[in-house]
Amino acid sequence: MDGRSATIVALEGVRKSFGAVRALAGVDLEVRAGECLGLVGHNGAGKSTLMQVLAGTLAADEGRLVVAGDDITASAGVAAARSHGVVCVFQELSLCPNLTVAENARVMHRAFRGFGWRKRAGAAMVAMLDDIFPGHGIDPADVVADLSIARRQMVEIARAFLVTDQPLRLVILDEPTSSLDQIVAEQLMGFVRRFVARGGSVILISHLLGEILSTCDRVVVMKDGRVVETRPARDFTRESLVAAMGSVVAHEEGRSVAATARQAGETVVEARPPRQADGRSLSARRGEIVGLAGLAGHGQTDLLVRINAAAQGREPHARVAGAVAFVAGDRQSDGVFPLWSIAENITIRSLGRLRRFGLIDPAAEARMAEEWRQRIAIRTPDMGNGILSLSGGNQQKALFARALASEADIVLMDDPMRGVDVGTKQEVYGMVRAEAARGRTFLWYTTEFDELLHCDRVYVFRAGVIVAELAADEITEERVLQSSFAEEAA
Ligand SMILES: Nc1ncnc2c1ncn2[C@@H]1O[C@H](COP(=O)(O)OP(=O)(O)OP(=O)(O)O)[C@@H](O)[C@H]1O
């Protein structure tokens, strides 16, 4: 970046409160042409709220918004942002599930109209998908509801980068890789670099600090609704970035603790992917942390869902000894109960214990919710607030609390740490290890390699079947990747 690049966006003194919660306490932010700006901060720091103000989906209480030289404060809204070339891909995907990929492109790009629009929209989407995610395997006639969450995220991203009848200056990517595996995430980061090299601008929000440091030119750190640091990315290290976010850099004990603290009891889970023909199966013992790895969408979630169904007697191909709790990764479709309070979302699995004279004891429910608010720092002034009032990462923490607060012996985790900030992640890893040491069993699907280091054993999946089983001392990134791709893995 040279210092002379034009300013594309300037936000000045932006404030926004939701009732008693001050989400933005006077934020200034500048984005230049041809740069990728990283935006980091703890869960609830205000990142998404700031991006919503910029993209016009939320009105600020105060502040100025200048885009491409025009002060659009008075006319701020989605239409003004779009016509000035600002597009946002939010954490919660916004595709219409009952429409096809091509039809979803049409929803955002009115230019696809008249005779043959479907074909043109489909061709444009495929070209963009090919450019960003070579080998994506998505057809423009696919109905979005039938796509995996990773593919839906790819479609949403490709649609945002399509240029039709409006200029495209700035694309905001709010945790864009949260459902993507490492290979696809790297494809996206490569595309972002090409896009900014051509003069476009990107704001990248991510809790994966490696991704931020390797892709961004500058990094802005937010904390409690304010910008606390802005520096070129090269001036940050991972440690200094974590420190700027206000978290203590935890020393990774990871594997050594995981490997030694096991009590390797009796087998409590036994399950086989339906297409597995070589006799292999997944098993887990009491007190074990078992990882499910491999590229996204290769059968890991499916097997977890089957194990969950087995606990309810609905799946003959898996055997489960004990009560099971499921922590969803796709919180939008099978995680949160959107109309319920935060407290209710946490305690729903534990109602048996909260009963008094046959009725739920509200005081006990409030105590349990409060305990978990403190244990994993759910940022809210009131656990009676609606769950959707929480930031994305804080909603994810509530799902964790629901599973850990329950008395389940076996906890199934479907890549649930996406979107959780680094500080909290360390806390949760510690909790998982402590609970495993007390005899709970964890089956943990993750797309983040580092998380596999907390596991005692890892099964690698490919094309719906288990292709490798790695013992703790064999879990290396290289081995996992090798097995994920090899036709015949060991
Ligand atoms: N619709 C809403 N109603 C009430 N409070 C809200 C609403 N949206 C956001 N907040 C609050 O505003 C604060 C900032 O939230 P925001 O989503 O901007 O955080 P974030 O930095 O994007 O977090 P994350 O990393 O978890 O996505 C949080 O305390 C959140 O609870």
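This is a predicted model, so every value here is computed, not measured. Numbers for residues simply follow the sequence, beginning at 1. In listed order, ligands and their atoms are each counted from 1.
Checking V219, V202, L173 one by one against C36, the side-chain contact (heavy atoms from CB on, under 4.5 Å) holds for a single residue, V202.
Residue nearest to atom 23 (O) of ligand 1, selected from A23, G44, G19: G44 (by heavy-atom distance).
Looking at M222 against ligand 1, nothing comes within 4.0 Å, counting heavy atoms.
Judged by the shortest distance from any of its heavy atoms, V21 lies inside the 4.0 Å radius around the atoms of ligand 1. At least one heavy atom of H42 lies less than 4.0 angstrom from ligand 1. Using a 4.0 Å heavy-atom cutoff, E175 is listed among the residues neighbouring ligand 1. Contact annotation: K16 has no heavy atom less than 4.0 Å from any atom of ligand 1.
For ligand 1, none of its N or O atoms has an N or O atom of L390 under 3.5 Å away. Remark: ligand 1 and L50 share no N or O pair separated by less than 3.5 Å (distance only, no angle test). Between G393 and ligand 1, at least one N/O pair is under 3.5 Å apart. The shortest N/O to N/O separation between F18 and ligand 1 does not fall below 3.5 Å.
Although no hydrogens or angles enter the test, the distance criterion places no donor-acceptor pair under 3.5 Å between the side chain of E451 and the main chain of E448. Panel note: side chain D456, backbone E288; no donor-acceptor pair is recorded below 3.5 Å.
Nearest non-hydrogen protein atom to atom 5 (N) of ligand 1 is S389 O, 3.2 Å. Nearest non-hydrogen protein atom to atom 27 (O) of ligand 1 is Q91 NE2, 2.9 Å.
The salt bridge (Lys or Arg N to Asp or Glu O under 4.0 Å) test applied to D142 returns no partner, not counting sequence neighbours. With sequence neighbours left out, D450 forms a salt bridge (Lys or Arg N to Asp or Glu O under 4.0 Å) with no residue at all.
Using cut-offs of 30° and 60° on the angle between ring planes, the pair H454 and Y429 is tilted.
Residue R110 places its CZ atom among 12 or fewer non-hydrogen atoms of other residues, nucleotides or ligands, all under 6.0 Å distant.
The atoms of ligand 1 that sit less than 4.0 Å from any heavy atom of A45 are 19 (O), 20 (P), 21 (O).
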